[in-house]
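Worksheet for the structure shown next.
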Number of protein chains: 2
Amino acid sequence: MTTQRKAPDAARRNEAARRAILTAALDLAGEVGYARLSIEAIATRAGAGKQTIYRWWPSKGAVLFDALLMLSEGQDDQPADLPDTGDLEADLKTVLRATVDELNDPRYSEPMRALAIEILLDPALAADFAERLDEPMRELKRRRLRRAQQAGDLGPGVDLDVAVDLLWGPLKNRWLHREGPLTTEFADTVVETALNGLRPGQSSSSTSR
Amino acid sequence: MTTQRKAPDAARRNEAARRAILTAALDLAGEVGYARLSIEAIATRAGAGKQTIYRWWPSKGAVLFDALLMLSEGQDDQPADLPDTGDLEADLKTVLRATVDELNDPRYSEPMRALAIEILLDPALAADFAERLDEPMRELKRRRLRRAQQAGDLGPGVDLDVAVDLLWGPLKNRWLHREGPLTTEFADTVVETALNGLRPGQSSSSTSR
DNA sequence: CATAGACGAGACGGACCGTCTCGTAGTACG
DNA sequence: CGTACTACGAGACGGTCCGTCTCGTCTATG
């Protein structure tokens, strides 16, 4: 997927081999981590030839990317939109808590960390990831915040991209750099602090509802 | 530095070789990026034997770490404390703008990115980095914010670690993941948004002095 | 002034890389 | 229904870099 160098015939593709390779990549990423994850090991584990991997994927990162896509397509709870109950703070906490749970699931976490590292190393993969996953997700977040802004729950001058960074960035940082335990309490605190701001207001910690 | 395996005699250490190695590491990181940075290339560029590197550093990342320390020790503007003029917003903007300038300096930026990646891959290096650089810096930030809190410029219930994440995290993210141009305007917006919060207040964008 | 030890150089086996070439098997198309 | 195509598993290949080791040289410490 993603790109191919000399037009292999997609109609003749062996679906079983594809699934075996993606599954092996996920398992190995979880078992040995990114640093020791090799294409040779993936091929051996999958019972596939190395050439079968090189035929269909341009890089190890692309394999991981597809592997995670396969994993997330497994359960179709992919939301077309972020929840909007009218209560911005509650909705944000719901979403961030779900993110925390996902990032704490070892089935996702290690392969995702491996992919994140691969993305830092490979600009082509970074562009592919940004286009197919990151930017669409960001647009979802921006859209929810834009509705909140129109409803008057967000300051009219707030830059929505900065708002997204403030809300989701701390979680991403803490997870990727293992800066501490990723808890739902942390997610809640981030939401409250970002919404209320650091300055002393009438509301300092827990607010609203 | 950092650790040694069999107690080489530090008194007999060749300072010229040490500097040549660290300089070569910095130059190569800037020229070829992390992905192609090899210890062999560093040794060759430095006119040193590989063993000389392995004798004094436990990993490529440790070399990069020391190289960046050497670079930053070059100019002694290492502040014992963050500025405190009494105007929190102005002080934060000053500091974050300086960070932006440093992250935009290619002399620092590429080696730092290489080190950041190495840290993601190597828990031992991560611990070393956290102890010797990251945590002390974070304490500096926390201390400035604590003073602000005591002065009433920060909400009394604000978690100072979360506040640091909100202020410095977006810059780190944008830089490391190349999510967009790192400008002083962005830094200013982050400071204003984090201080004021996302909710509509009496002040929406630019505030105070 | 002698000697221990750091030094530059590079050989070594091993891990993976990415390419290639086999013989086999399954599928698309005549 | 048969045949040609081509993806497949397997693995050999040269290449890079790893981390260890072994040289002979140079130096500075004792």
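In what follows, chains carry the letters A, B, and so on, assigned in the order in which the sequence lines appear, proteins first and then strands, with residues in each chain numbered from 1.
- A side chain to side chain contact (heavy atoms under 4.5 Å, CB included) with A:Val158 is found for one member of B:Leu198, B:Asn196, B:Thr189 and no other, namely B:Leu198.
- The backbone N or O of B:Asp81 sits nowhere less than 3.5 Å from a side-chain atom of B:Arg144 that would complete a donor-acceptor pair.
- Taking atom CH2 of B:Trp56 as the reference point, atom P of C:dG5 lies 12 Å away to the nearest angstrom.
- Here A:Ala43 lies out of heavy-atom contact (under 4.0 Å) with every strand.
- Between B:Ala11 and B:Lys60, it is B:Lys60 whose nearest contact on DNA chain D lies nearer the 5' terminus.
- Of the candidates C:dT19, D:dC8, D:dT20, the closest approach to any side-chain atom of B:Tyr54 belongs to D:dT20.
- With no hydrogens or angles considered, a side-chain donor-acceptor pair links A:Trp175 and A:Ser109 at under 3.5 Å.
- Between B:Thr52 and C:dG8 there is a side-chain N or O to OP1 or OP2 distance below 4.0 Å.
- Atom-to-atom, CG of B:Leu37 to C1' of D:dT16 comes out at 14 Å; the value is rounded to the nearest Å.
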Stepwise salt bridge (charged side-chain N to carboxylate O under 4.0 Å, His left out) check, A:Glu185 with A:Arg97: CA-CA 9 Å; A:Glu185 287 75 21; A:Arg97 283 174 185 169; over 6 Å; no
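- If you take CD1 of A:Ile42 and P of C:dG18, they are 11 Å apart, rounded to a whole angstrom.
- Evaluation of atom-type donor-acceptor distances gives a pair under 3.5 Å for the side chain of B:Gln51 against the base of D:dC21.
- For B:Ala48, whose side chain is taken as the heavy atoms from C-beta onward, the closest listed nucleotide among D:dC18, C:dG8, D:dA7 is C:dG8.
- Taking atom CZ of A:Arg55 as the reference point, atom P of C:dT19 lies 12 Å away to the nearest angstrom.
- Protein atom CZ of B:Arg13 is 18 Å distant from nucleotide atom C1' of D:dC26, rounded to whole Å.
- In the set D:dC17, D:dC8, C:dC16, D:dC17 carries the atom at the smallest distance from any side-chain atom of B:Ser38.
- In this structure, the CG atom of B:Leu28 is 14 Å from the C1' atom of D:dC17, given to the nearest Å.
- With DNA chain C read from its 5' end, the first of the two nearest nucleotides for B:Lys50 and A:Arg36 is the one closest to B:Lys50.
- Judged by distance alone, with hydrogens and angles left aside, A:Arg12 brings a side-chain donor or acceptor within reach of the base of D:dC5, the pair sitting under 3.5 Å.
- Atom C1' of nucleotide C:dC7 and atom CG of B:Asp9 are separated by 13 Å, given to the nearest angstrom.
- In terms of position on DNA chain D, the residue among A:Glu40 and A:Thr44 whose nearest nucleotide sits closer to the 5' end is A:Thr44.
- Remark: A:Arg13 qualifies as a cation-pi partner of A:Trp57 under the 6.0 Å distance and 45° angle criteria applied to the six-membered ring.
- Atom CD in A:Glu15 sits about 14 Å away from atom C1' in D:dA7, given to the nearest Å.
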